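Notes to accompany the following structure.
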Amino acid sequence: MPSNLALSLHFFLQLAVVLFTCWSVGLLLRRLGQPQVVADMVAGFLLGPTLLGLLLPALQGWLFPTTLHLGAGDAGSRIAHPSLIVLYVAGQLGLVLYMFVVGMSFRTDVLTGHLRSAFGSSVAGVIAPIATGAVLGWMLASDRTFFDEKVSAWQAALFVGTAMAITAFPMLARIIHENNLGGSPTGTVALACAAVDDTVAWVLLAVVVSSAQGDASVALLALGGGLVYVLVVLTVGRALTARLARWAMDDNGLRPAGLITTMIILLLCAAYTEAVGIYAVVGAFLFGVAIPRGRFTEALRACIEPVTVRLLLPTFFVYSGLATQFSVLTDPGVLLVLVIVVLVAFLSKGVACTIGARTAGLPWGSAASVGALMNARGLMELVLLNIGLEKGLVTPALYTVLALMTVITTLAATPLYYFIQRRSGSPTPPVSDGDIVAETEVGHPTGAPREPSAQPR
């Protein structure tokens with residue numbers, strides 16, 4: 001078993017390689033109009049068995065070991081390598097802090113003005129992907145290449161349907177903010193749709209996991225505990241965070257005690273939602289939403305965002321990339337399923353959200369932009385896939401297929417958005433260097449060109 005000193009040294013080396021790779025890939029993809037978050041996702045897959053493991057398997061196995069052999073010879077046992085656990089925990093911390101920052105940037109005032117559009121897109125963005133994905137999952141259920149033998153047809157259908165319906169809420173948020181769309185109707189409606197869709201998806205995932213474990217209490221706990229958390233945070237929590245904001249700030253800015261207190265509350269919120277099965281990122285986001293906008297949120301973002309986005313978040317992508325096995329694509333049957341999955345994912349999510357937003361009142365250009373952005377599945381999809389793999393619901397082959405679908409749909413989201421904006425005659429701001437745009441006290445992105453307000457026609 002590696003010592004604590006050896007684990008620390010190994011983690012530092014891993015992190016150095018991760019940061020250099022993300023930065024290098026970011027320089028390349030930025031020329032193609034992709035934000036840094038997409039580069040981080042691609043870099044995570046490249047550091048796994050996909051590229052580094054193919055070119056330099058010994059180096060990849062040493063740098064990112066997945067198992068540790070205990071005992072002598074064949075009689076020994078294998079456990080998860082401690083360095084993998086450290087990488088996982090760092091990635092989870094990055095996700096929690098990042099979603100907290102996203103929550104603080106969420107424009108509830110703009111959402112109120114476009115509630116109808118958000119609701120229409122959310123309903124369409126859930127029903128259509130779940131229905132089409134469920135049909136596909138049902139057809140694949142009997143093939144043990146994709147599902148474990150303990151998974152029934154309806155469980156397979158629900159899992160694939162959930163995977164199709166989910167939107168990478170934190171990744172979508174970062175794409176929106178990097179393109180200065182945080183206060184626009186398109187950006188706000190897309191974020192609201194993603195929040196609703198992901199909440200539904202997590203509840204459905206809890207149903208699948210509980211049924212696979214033969215315990216209905218898992219789903220009931222997720223649903224009941226999640227509702228209680230939402231009600232408390234968005235009612236009593238708003239009043240308490242307003243007091244926290246006044247106490248935490250003085251004439252010199254954010255007090256150290258204010259930052260520490262906020263972090264303690266954030267971690268408790270994340271721990272609660274993780275314990276009930278809605279997962280930590282949802283708790284972190286809603287806590288961020290509850291905090292009143294102003295000097296307090298600006299100071300928190302200035303403290304948290306740079307380290308989170310640049311240092312911690314990339315470790316999650318690497319952890320996810322280690323589970324991919326692109327060698328399974330040599331099987332023609334798996335390759336065919338990949339093509340079908342990508343087509344179903346694009347059409348069911350993008351087209352449904354576009355029609356839903358248009359029906360609810362947004363102009364065609366804005367509605368199509370929402371549909372394009374909602375196809376970004378990155379972070380949350382990878383979280384879902386990791387849970388499915390960990391619980392033994394899916395095989396590495398299906399994990400790889402869905403992970404590739406995630407990369408493809410997310411890579412296409414930003415260029416497709418730009419294309420729609422050019423066709424509709426709207427300005428398309430350039431991709432920034434990857435940081436979330438700071439907001440002024442009135443909540444508008446500083447110096448950011450705002451998309452013209454879209455009035456219902």
Side-chain angles (χ1 to χ4, degrees), residues 29 32-38 41 99 102 105-107 110-111 114 117-126 128-129 164-198 201 285 342 345-360 362-381 405-424 426-432 434 436-437 445 448-452 454:
L29 292 188
L32 303 177
Q34 295 289 348
Q36 181 61 42
V37 65
V38 176
M41 182 173 65
M99 285 306 299
V102 170
S105 304
F106 190 68
R107 293 285 307 279
V110 179
L111 172 61
H114 297 83
S117 301
F119 179 77
S121 296
S122 297
V123 172
V126 168
M164 294 296 176
I166 206 166
T167 295
F169 186 74
M171 179 168 285
L172 173 64
R174 191 167 166 189
I175 290 174
I176 287 173
H177 284 289
E178 287 183 7
N179 290 281
N180 297 336
L181 297 173
S184 69
T186 297
T188 302
V189 169
L191 280 175
C193 293
V196 174
D197 290 2
D198 282 4
F285 169 74
V342 171
F346 263 116
L347 295 177
S348 65
K349 190 74 173 180
V351 174
C353 288
T354 298
I355 295 175
R358 175 56 186 151
T359 303
L362 283 184
W364 273 115
S366 296
S369 297
V370 170
L373 292 173
M374 288 292 286
N375 252 322
R377 288 178 169 84
L379 271 175
M380 302 309 287
E381 183 79 26
M405 178 271 289
T406 302
V407 174
I408 294 170
T409 55
T410 306
L411 280 171
T414 302
L416 187 57
Y417 167 80
Y418 284 161
F419 174 77
I420 293 170
Q421 289 294 292
R422 285 194 298 268
R423 291 294 299 268
S424 62
S426 301
T428 54
V431 176
S432 70
I436 293 177
V437 181
R450 249 177 289 164
E451 180 185 297

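Computed from a predicted structure; not experimentally measured.
- With sequence neighbours left out, Ala345 forms a side chain to side chain contact (heavy atoms under 4.5 Å, CB included) with Met164, Arg377, Met405, Thr409.
- Contact record, Ala128 with Ala352: CB-CB, 3.5 Å, taken as the closest heavy-atom pair.
- A donor-acceptor pair under 3.5 Å is absent between the side-chain atoms of Lys349 and the main chain of Gly371, judged by distance alone.
- Residues Ile166 and Glu381 approach most closely at CG2-OE1, 2.6 Å, considering heavy atoms.
- Between the side chain of Gln34 and the backbone N or O of Leu411, at least one donor-acceptor pair lies under 3.5 Å.
- A 4.5 Å side-chain heavy-atom check between Phe346 and Val351 finds every atom pair outside the cut-off.
- Phe419 CZ to Thr414 OG1: the interatomic distance, rounded to the nearest 0.5 Å, is 15.0 Å.
- When every heavy atom of Ala372 is checked against every heavy atom of Ala413, the shortest pair comes out as O-CB, 3.6 Å.
- Going from atom OG1 of Thr410 over to atom CG of Asn375 covers 8.5 Å, rounded to the nearest 0.5 Å.
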